[in-house]
Amino acid sequence: MSTPENLAWDVPRPYTETVLVGPEHLDAFGHTNNVVYLQWLERVAWSHSTALGLDWAAYQRLGAGCVARRHELDYLAATFAGQTLRLGTWIHENDGRLSMWRRYQIIRVDDGKTVLRGQTHWVCIDPASGRPKRQPAAFIEAYRAGRGAID
């Protein structure tokens, strides 16, 4: 059995959370529904952003926030009720202006197999108007610190 500390992550230090697949997560085929994976990715992305100091209150204070523009998900293996999964995320690329790419990896803990890889293209907007907005310095600093590929 793998432990979260020795899983084969794509980057040295991803931000991670653990989930247990429950019966409520399954589709008619008996495996985790694809929409559930997307919900978990949104949750771990928000948790990571919050850990970096960019929660909803910070978005409101700064007058800026990130919204998803595109998701790309590769489902590599099915998961089933009772399995423990480790969700990992990190900032892959940030242009320091309007957009950034966040990557994800989900690993099944019992055998260490990567079951999903994905990425989301996030765009910075003004929450009041919904229009694109240049990233504040706080975003650039926080998301630089959130890059799992940097030692």
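All residue numbers in this chain count up from 1 along the given sequence.
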Is it true that a side-chain atom of D126 and a backbone atom of G130 form a donor plus acceptor pair closer than 3.5 Å? no

Does R86 form a salt bridge (charged side-chain N to carboxylate O under 4.0 Å, His left out) with E17? I'd like the steps, not just the answer. CA-CA 6 Å; R86 196 79 171 153; E17 291 185 352; over 6 Å; no

With rounding to the nearest 0.5 Å, note down the distance linking CG in L52 to CZ in R144. 12.5 Å

Side-chain contact, heavy-atom cut-off 4.5 Å: R108 with T79? yes

Give, for atom CZ of R102 and atom CG of N94, the distance between the pair rounded to the nearest 0.5 Å. 10.5 Å

Compute the ring centroids of Y104 and Y15, then answer whether they are less than 6.0 Å apart. no

Is the shortest side-chain heavy-atom distance between H48 and I91 below 4.5 Å? yes

Taking every heavy atom of L26 against every heavy atom of V21, the minimum-distance pair comes out as CD2-CG1, 4.0 Å

Just checking H92 against W101, ring centres under 6.0 Å apart? no

Point-to-point distance, once rounded to the nearest 0.5 Å, from CZ of F29 to CZ of F80: 11.5 Å

Please check if the distance between the ring centroids of W40 and H25 is under 6.0 Å. yes

Enumerate donor-acceptor pairs with a distance under 3.5 Å from any side-chain N or O in residues 62-73 to protein atoms, sequence neighbours excluded.
{"unit_1": "R70", "atom_1": "NE", "unit_2": "E72", "atom_2": "OE2", "d": "2.7"}
{"unit_1": "H71", "atom_1": "ND1", "unit_2": "T120", "atom_2": "OG1", "d": "2.9"}
{"unit_1": "E72", "atom_1": "OE1", "unit_2": "Q119", "atom_2": "NE2", "d": "2.9"}

Counting C-beta onward and ignoring hydrogens, is there a side-chain heavy-atom pair between V109 and Q83 closer than 4.5 Å? no

Could you pull out the closest heavy-atom pair between A81 and P23, with the gap in Å? CB-N, 4.2 Å

Is the shortest side-chain heavy-atom distance between T84 and T18 below 4.5 Å? yes

CG of L76 to CD1 of I106, rounded to nearest 0.5 Å, is 10.0 Å

Common cluster, L38/W46, ILVMFWY with side-chain heavy-atom separation under 4.5 Å: yes

Between R117 and D10, does the salt bridge (charged side-chain N to carboxylate O under 4.0 Å, His left out) criterion hold? Intermediate values first, please. CA-CA 10 Å; R117 281 192 177 89; D10 293 342; 2.6 Å; yes

Enter the distance from C124:SG to R97:CZ here, rounded to the nearest 0.5 Å. 12.5 Å

To the nearest 0.5 Å, what is the distance between OG1 (T114) and CG (L7)? 8.5 Å

